[in-house]
Amino acid sequence: MERQYRLKKNRAFQYVYRRGHSAACRDLVMLFARGRELKVGFSVSKKVGNAVIRNKVKRRLRECFRPYLGDVKTGLYVIVARPSAAKATFQSLQKDVRYLLKKQDALKEGNRAE
RNA sequence: CGAGGUGAACAGGCGAUCGCGUGGCUUCGGAAGAGCCAUGAGGAAAGUCCGGGCACCGCAGAGCAAGGGUGCCGGCUAACGGCCGGCGGAGGCGACUCCAGGGAGAGUGCAACAGAAAUAAACCGCCCGGAUCCCCAGCGGGAGCCAGGUAAGGAUGGAAAGGCGAGGCAAGAGCUCACCCGCGGGACUGGUAACUUUUCCGCGCUGUAAACCCCACCCGGUGCAAGAUGCAGGAGGUACGUCGGCUGCUCGUCGCAAUCCUCCGGGAUCGCUGGAGCCAUCCGGUAACGGAUGGCCUGGAUAGAUGAUCGCCCAGAACAGAACCCGGCUUAUGGUCACGCUCGCAUU
RNA sequence: GUGGGUAUAGCGUAGUUGGUUAACGCGUCAGAUUGUGGCUCUGAAGAUCGUGGGUUCGAGUCCCACUACUCACC
């Protein structure tokens with residue numbers, strides 16, 4: 001997942017928290033605010049685990065989101081990991097991401113990745 | 001075989017597909033993009049407990065105070081509160097391990113409860129003497145009182161004025177003597193030294209300095225969000241003093257203004273990784289370590305790069321992620337190996 | 001990155017220069033009162049003083065290391 005698609009500044013995160021719509025499941029929360037460019041940010045707090053665990057969760061989430069980059073409506077996404085995400089497998093995270101994208105109605109019509 | 005002790009290296013490997021950071025090359029007028037190649041977390045990267053480098057501030061620089069730290073000896077080191085080797089003490093049957101280990105003979109404080117008494121002592125007891133009273137024919141005996149002597153004995157306590165024996169005494173006492181114990185000093189043996197061997201003299205002194213303190217030595221402050229250079233912007237200030245110049249005081253010194261000063265906050269580039277570096281051999285040293293020669297280049301991100309899936313080996317395996325960089329310490333943690341190390345059991 | 005603070009009964013807090021039994025309130029339990037409950041009164045239980053070492057005769061207190069939580073600044 002390339003850097004140009006990444007959400008970086010704290011202000012951008014604050015914007016999404018204020019304006020975005022949220023959808024949640026057991027391990028994840030997804031916020032989405034429509035916009036012109038496509039950027040994705042990940043938020044993993046210290047409650048999830050130590051630095052190694054947090055990095056691993058972020059990597060997995062990035063890998064989960066990568067296949068949908070071309071198939072998703074433009075805007076700012078923030079994915080928040082809950083503490084239970086540390087124990088989740090890659091497959092279950094991937095299922096959760098797809099479920100949340102559908103719930104947000106963010107997938108482009110007729111171009112769904114299966 | 002079991003239970004230990006010490007030390008050492010390693011930190012899953014290989015292959016396939018997709019994906020990421022950095023550097024180089026090619027494509028291209030250039031950028032973007034694409035392709036290829038190389039490379040890409042640790043022994044603790046952690047905790048932030050110490051020591052430095054580096055940067056800025058103070059800055060010709062200096063002194064004092066305050067505060068903090070260290071504390072057997074010698075060596076190593078850039079330095080250290082670290083390491084190595086000794087000494088002393090403590091623990092363990094032993095291999096071996098652990099120790100903030102200067103000064104209580106400079107002063108102050110504290111030592112609850114118990115106990116007669118807690119750093120110094122006469123409550124009981126023991127003993128001499130005095131007057132009074134009682135018993136007795138008398139010798140004499142007894143009772144409490146007064147004034148002294150005495151630390152041998154007395155339920156305590158962590159600690160009770162060295163221990164034991166003999167002499168001595170009215171009763172006693174290192175009061176005296178022999179032996180032993182401890183402390184201080186001198187000489188001597190060995191050692192660079194801490195210390196130690198032997199001996200002589202003096203003394204018998206409570207413990208606590210991780211209580212205040214004394215002595216010796218060390219420490220200026222702030223930290224890469226340091227700081228430097230560009231870009232764009234906002235707010236405020238007003239003249240020799242009662243100003244300002246990152247800690248207190250004293251000296252010293254500098255500045256005196258709008259093209260300046262102070263403050264605020266946004267973004268970019270640099271700082272940014274080749275270094276007290278790593279590996280091998282030889283030499284010196286008990287060792288820590290040092291020297292010589294040869295070889296190697298080995299992360300540099302900036303919401304933060306190592307992942308996902310599968311196969312084989314295999315017991316699917318712990319603690320855990322660089323953020324300026326090094327040297328230590330401490331803590332967390334997986335299995336492996338070595339020992340001409342120890343103890344126990346069994347067999348020969 | 002740097003520098004502080006806190007940890008004591010189920011909960012919230014005391015604990016003064018080390019000294020015997022760690023105090024208080026709420027809560028809990030038992031009893032009394034009441035026809036029953038509450039209020040009230042009486043009594044009781046409940047603490048590895050965050051963990052592990054050390055100094056000391058003696059540690060909640062002093063020293064060291066660690067753990068968790070929390071605050072401040074840039």
Side-chain angles (χ1 to χ4, degrees):
Chain A
M1 188 162 161
E2 296 178 18
R3 283 179 190 276
Q4 63 178 103
Y5 298 119
R6 249 181 242 163
L7 195 58
K8 294 183 178 176
K9 288 294 158 190
N10 189 30
R11 291 219 166 155
F13 275 83
Q14 294 302 325
Y15 174 82
V16 175
Y17 282 128
R18 270 206 317 277
R19 298 288 174 81
H21 300 280
S22 70
C25 64
R26 193 165 56 84
D27 295 336
L28 300 174
V29 177
M30 179 184 283
L31 294 104
F32 172 53
R34 285 166 172 271
R36 224 172 293 164
E37 35 180 17
L38 174 60
K39 282 188 183 300
V40 185
F42 301 95
S43 173
V44 183
S45 85
K46 271 192 178 174
K47 288 184 181 175
V48 175
N50 59 31
V52 175
I53 303 286
R54 292 201 303 273
N55 264 336
K56 190 164 193 168
V57 170
K58 273 190 272 185
R59 284 184 196 128
R60 282 180 164 172
L61 288 175
R62 252 184 263 134
E63 188 66 21
C64 289
F65 203 91
R66 193 171 58 81
Y68 301 101
L69 274 177
D71 307 326
V72 115
K73 292 180 181 173
T74 59
L76 305 181
Y77 294 84
V78 170
I79 296 177
V80 180
R82 290 179 164 170
S84 58
K87 291 177 204 159
T89 62
F90 178 76
Q91 285 81 4
S92 92
L93 286 178
Q94 205 162 26
K95 266 174 61 184
D96 287 344
V97 167
R98 196 166 62 188
Y99 166 76
L100 291 174
L101 283 173
K102 280 183 183 173
K103 204 173 176 184
Q104 289 276 22
D105 199 21
L107 294 172
K108 287 179 183 171
E109 293 301 323
N111 197 11
R112 301 203 166 177
E114 289 299 329

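Hydrogens, waters and symmetry mates are skipped; everything else that's a heavy atom, side chains included, is used. Nothing here was measured: the structure is a model prediction, and the numbers come from that model. Protein chains get the first letters and strands the later ones, always in sequence-line order, with residue 1 at the start of each.
Remark: A/Arg59 CZ to A/Leu61 CG distance equals 12.0 Å, nearest 0.5 Å.
A/Arg62 has a side-chain polar atom (N or O) that falls below the 4.0 Å cut-off from OP1 or OP2 of B/rA305. Side-chain nitrogen and oxygen atoms of A/Arg66 include none within less than 4.0 Å of the OP1 or OP2 phosphate oxygen of B/rG19. Taking side-chain N and O atoms only, A/Gln91 has no distance below 4.0 Å to OP1 or OP2 of B/rA308.
Legend: residues meeting side chain to side chain contact (heavy atoms under 4.5 Å, CB included) with A/Ala33, ordered by chain and number and at least two apart, are A/Tyr15. Under the rule for a side chain to side chain donor-acceptor pair (under 3.5 Å), A/Ser22 has no partner lying at least two apart in sequence or in another chain. For A/Lys95, there are no side chain to side chain contact (heavy atoms under 4.5 Å, CB included) partners at least two apart in sequence or on another chain.
Across every strand in view, B/rG241 sits unpaired, with no contact that passes the Watson-Crick or G-U test at under 3.5 angstrom. Nucleotide B/rA45 forms no Watson-Crick or G-U wobble pair with any nucleotide shown, as no partner meets the under 3.5 Å limit on both distances. Nucleotide B/rU309 is matched to B/rA16 when pairs are restricted to Watson-Crick or G-U wobble geometry with both distances under 3.5 angstrom. Remark: B/rG220 base-pairs with B/rC57. Criterion, Watson-Crick or G-U wobble with two distances under 3.5 Å. The base-pairing partner of B/rG85, taking Watson-Crick or G-U wobble contacts with both distances under 3.5 Å, is B/rC73. Nucleotide B/rG233 forms a Watson-Crick or G-U wobble pair with B/rC264, both donor-acceptor distances falling under 3.5 Å. In this structure, B/rC10 forms a base pair with B/rG334, meeting either the Watson-Crick or the G-U wobble geometry with both donor-acceptor distances under 3.5 Å. Under the Watson-Crick and G-U wobble criteria, each requiring two contacts below 3.5 Å, nucleotide B/rA292 is paired to B/rU281.
Rounded to the nearest Å, the gap between the P atom of B/rU208 and that of B/rG105 is 11 Å. The gap from the C1' atom of B/rG172 to that of B/rA166 amounts to 16 Å, rounded to the nearest Å. B/rA160 and B/rC177 are spaced 26 Å apart, taking the C1' atom of each and rounding to whole Å. Taking atom C1' in both B/rC56 and B/rA228, the straight-line distance is 10 Å, to the nearest Å. On the P atoms, B/rU48 is 36 Å away from B/rU39, given to the nearest whole Å.
One interatomic measurement links the two molecules: CZ of A/Arg54 to C1' of B/rA322, which rounds to 14 Å at whole-angstrom precision. Separating the CZ atom of A/Phe65 from the P atom of B/rC20 is a distance of 16 Å, rounded to the nearest angstrom.
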Practice problem: Whenever both distances are under 3.5 Å in a Watson-Crick or G-U wobble pair, mark it; put RNA chain C into dot-bracket that way, with [ ] for crossing pairs and | when the partner is on another strand. | Solution: (((((((..((((.....[...)))).(((((.......))))).....(((((..]....)))))))))))).
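A salt bridge links A/Arg66 with A/Glu63: the distance from a Lys NZ or Arg NE/NH1/NH2 to an Asp or Glu carboxylate oxygen falls below 4.0 Å.
Counting only residues at least two apart or on different chains, the ring-ring contact (aromatic ring centres under 6.0 Å, His included) pairs with a member in residues 20-41 of chain A are A/Phe32-A/Tyr77.
As judged by a 4.0 angstrom heavy-atom cut-off over every strand, A/Arg60 is placed among residues touching the sugar-phosphate backbone only. Across all strands, A/Lys58 comes closer than 4.0 Å to no nucleic acid atom at all (heavy-atom distances).
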Which pairs of donor and acceptor atoms, one on a side chain in residues 79-86 of chain A, lie under 3.5 Å apart (sequence neighbours left out)?
{"from": "A/Arg82", "atom 1": "NH1", "to": "A/Cys25", "atom 2": "O", "distance (Å)": "2.8"}
{"from": "A/Ser84", "atom 1": "OG", "to": "A/Arg26", "atom 2": "O", "distance (Å)": "3.3"}
{"from": "A/Ser84", "atom 1": "OG", "to": "A/Asp27", "atom 2": "OD1", "distance (Å)": "2.7"}

